[in-house]
Amino acid sequence: MPGVAFVKGLEQLTVNLKNLKPGQDKHLAAALVEAQHLLEKTVKAKAGLVDEHTLKVLADMGHPYGIGPGKKGKPRQPAPHPDEFVHIQSGTLNAAIKSSVTFTETRAILQCGVDENEVPYIRWLIYGSSVMRPRDFLGHAWLDCRDKIRKMVQYGISSMIRSRGGGP
C-alpha cells in the first residue's frame, strides 16, 4: 500500500528538518493532512459504491465478481463495475477505513487502510480467493491520488522552505 519516493540530497534534507524551529513545519504538516483527507475520501469512494446491485441481485447475476463457472449451471454475467469498486452492503468496510499521518525525526508517513479486526475478510477482498477475483480498491485509490499527493507534499516543502527565508 505505501508508496515510496526517493529524495536526492536526503542527508542534507534530514539535517535541515532536524534543525527546524517549532512551527516551521506547519506548512508540510498541513499539506500532509490535506493529502490524508484526499486519500481517505478516494478510498471510501472506491469502497462505497451505492446502486441497485444488492447481494441478491449479484447472486441472481451469477456472482459476477467470482472466478470460474457460475453456481448451479448459471453463467456469470459480466461485472457491473470495474474491479476497483466495491458495493456497500452493510457499511462495515467503509466504516473500517482509517487514515493517519505520523511524523518522526526523519519521516512523515501517510497511511490509509482497513482494520483487519473490524473487517476480517479484507485480505480476500483485496487479493482475491479461490472463488473471488481481487478487488484492490486501496491500490487503485493510491494510483488515482499519488500525483495530486506528490504535488501537495512538494508545495508543503516549498512553503516550509520559503517560511525559513530560503528558496524562490
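All of these numbers come straight from a predicted model, not from anything done at the bench.
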Cluster check Tyr127, Val114: I/L/V/M/F/W/Y, side chain < 4.5 angstrom: yes
Hydrophobic cluster identity match, Val101 and Leu38, side-chain contacts under 4.5 Å: yes
Any residue meeting side-chain hydrogen bond (donor to acceptor under 3.5 Å, both in side chains) with Arg123, in chain and number order, not counting sequence neighbours: Glu116
side-chain hydrogen bond (donor to acceptor under 3.5 Å, both in side chains) partners of Thr54, counting only residues at least two apart: none
If I take atom [atom1] from residue [X] and atom [atom2] from residue [Y], how far apart are they, to the nearest 0.5 angstrom?
X	Y	atom1	atom2	answer
Thr92	Ile122	OG1	CD1	11.5 Å
Leu138	Ile126	CG	CD1	4.0 Å
Leu55	Gln89	CG	CD	3.5 Å
Cys112	Leu39	SG	CG	4.5 Å
Met152	Leu110	CE	CG	10.0 Å
Trp142	Ile149	CH2	CD1	4.5 Å

Lys151/Asp147 salt bridge by N-O under 4.0 Å criterion: no
Cation over ring face, Arg135 and Tyr65, 6.0 Å, 45°: yes
Taking every non-hydrogen atom, the tightest pair across Asn117 and Asp115: N-OD1, 2.8 Å
Measure the shortest side-chain to side-chain distance between [X] and [Y] over non-hydrogen atoms and say whether it is less than 4.5 angstrom.
X	Y	result
Leu32	Leu28	yes
Leu125	Met132	yes
Ile109	Gln111	yes
Leu93	Phe137	yes

Atom OH of Tyr121 with >12 non-hydrogen neighbours under 6.0 angstrom: yes
Lys98, NZ atom: more than 12 neighbouring heavy atoms under 6.0 Å: yes
Residue pairs, two or more places apart or on separate chains, that pass side-chain hydrogen bond (donor to acceptor under 3.5 Å, both in side chains) and touch residues 31-47: Gln36-Ser99, Glu40-Lys44, Glu40-Ser99, Lys46-Glu84, Lys46-Asp144
Other cluster members, Tyr155 - Ile/Leu/Val/Met/Phe/Trp/Tyr, side-chain contacts below 4.5 Å: none
ILVMFWY cluster membership beyond Val50 - transitive side-chain contacts under 4.5 angstrom: Ile88
All ring-ring contact (aromatic ring centres under 6.0 Å, His included) counterparts of His53, not counting sequence neighbours: His81, His87
